[in-house]
Amino acid sequence: MTFRTSHPSPPVILDDVRGAWKMLSGVARVTAMEGSRYLTELVGAPVQLKCENLQRTGSFKLRGAYVRISGLTPEERAAGVVAASAGNHAQGVALASSLLGVGSTVFMPVGAPMPKVSATREYGAEVRMYGQVVDETLAAAEEYARRTGAVLIHPFDHPDVIAGQGTVGLEILEQCPEVRTIVVGIGGGGLAAGIAVAVKALRPDVRIVGVQAAGAAGYPPSLAAGHPVAVESPQTMADGIRVGRPGDIPFRLVRDLVDEVRTVSEDELSSALLLCLERAKMVVEPAGASPVAALLSDPKAFEGPVVAVLSGGNVDPLLMQRVLTHGMAAAGRYLSLRLRLTDRPGALATLLATLSVADANVLDVSHLRTDPRLGLTEAEVELHLETKGPAHCGEVAAALRDAGYLVMD
């Protein structure tokens, strides 16, 4: 069956994806599909996780990069390749280039996670740091390509790259033939576009839902306008999808084939990353957790069986620490409060005993006696507690009030 859209000349068709699939045999892994009991119960239908975080280089990006570089002429290969990326595409290009014997230069934003920068160098690329966001970095890579003759390997805006990413869709249909909804994160749109090309050609009944971080959501205004629209200063912890402007080629395919694009908040991304770690035992970066964030935010909106694509697992440990803390707070696992007590020997010990009975774990205590608003015999205590969730937070606060403490907002 040959894929066609309403557009007379689609930039990528099913045969392109099938050709990419053959090219990637022995290069890209057929990544696992893992069930999630927690998400299944939440959604009310089977939920499977497509684990591209376990792909070589830690993300799906190797697929598109390898297909694109494989298609270069001997003269183009001799000139080398250049790419721009916050990390995942960088690693994909670096490894693909090394496997194919092609020299590579990769531009990365100044704030790119250091593990991604180090891994890109270890795969054999020359790394140059430039710009604050991928769009600025991409402009530097384009200028380098014009100046040196190196071939630009765009992270998402090329038919070969989209065809390579589309092989994820072929695997999903093989591994979960009964799938009814596929949820996938969107940055520039290459992965969502590729999956949509493959899946809609073979199973037009499958619903495809794209997910963007609310602070870097270029697709909703672009789809409303009918053409790619740039978002100024995109901001999100999900660096893998922090793209200011949809790609021209992916945009056409997303517009024609993706059924819906949703946005998720930073709190929802944090909670999703924490859930993947705790419940699925999966190390996933925020961009890779975006489909899970969408399921958490509106679980009854997805017809099952559902496949959520965990697109990457390359997360900076320092970011992981911050995100997990943020995610636990968003999930109601932390409680910060202030209260007043009588300043006398043993008062703090009595307070801590009350918290122990309430089964709250004290992380930090700050004791203030010098505020002029306090009475002569009063002290103010600021507490940071680890709790078991929102309901437990309410129980802890109630236990303190019942013990006679003045709990302040």
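This chain uses plain numbering: 1 for the first residue, then up along the sequence.
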Provide the closest heavy-atom pair for [X] versus [Y] in the form atom of the first, atom of the second, distance.
X      : Y      : value
Ser36  : Leu39  : OG-N, 3.2 Å
Asp160 : Val67  : O-CG1, 3.5 Å
Pro220 : Ala217 : CD-O, 3.8 Å
Arg245 : Phe156 : O-CZ, 4.1 Å
Val197 : Ile13  : CG1-C, 3.7 Å
Ala196 : Val258 : CB-CG2, 4.1 Å

Please determine whether the number of non-hydrogen atoms from other residues, nucleotides or ligands lying under 6.0 Å from atom [atom1] of [X] exceeds 12.
X      : atom1 : value
Glu260 : CD    : yes
Tyr334 : OH    : yes
Lys281 : NZ    : yes

Looking only at atom types and distance, does a side-chain atom of Ser356 sit under 3.5 Å from a main-chain N or O of Leu352, one as donor and one as acceptor?
no
Mark yes or no for whether Ser98, through its side chain, and Tyr123, through its backbone, hold a donor-acceptor pair below 3.5 Å.
yes
Output yes when Arg333 and Glu278 qualify as a salt bridge under the 4.0 Å nitrogen-oxygen rule, no when they do not.
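Yes, charged N to carboxylate O under 4.0 Å.
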Does the side chain of Glu52 come under 3.5 Å of the side chain of Ser59 through a donor N or O and an acceptor N or O?
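No, because no side-chain N or O of Glu52 sits under 3.5 Å from a partner of the opposite role on Ser59.
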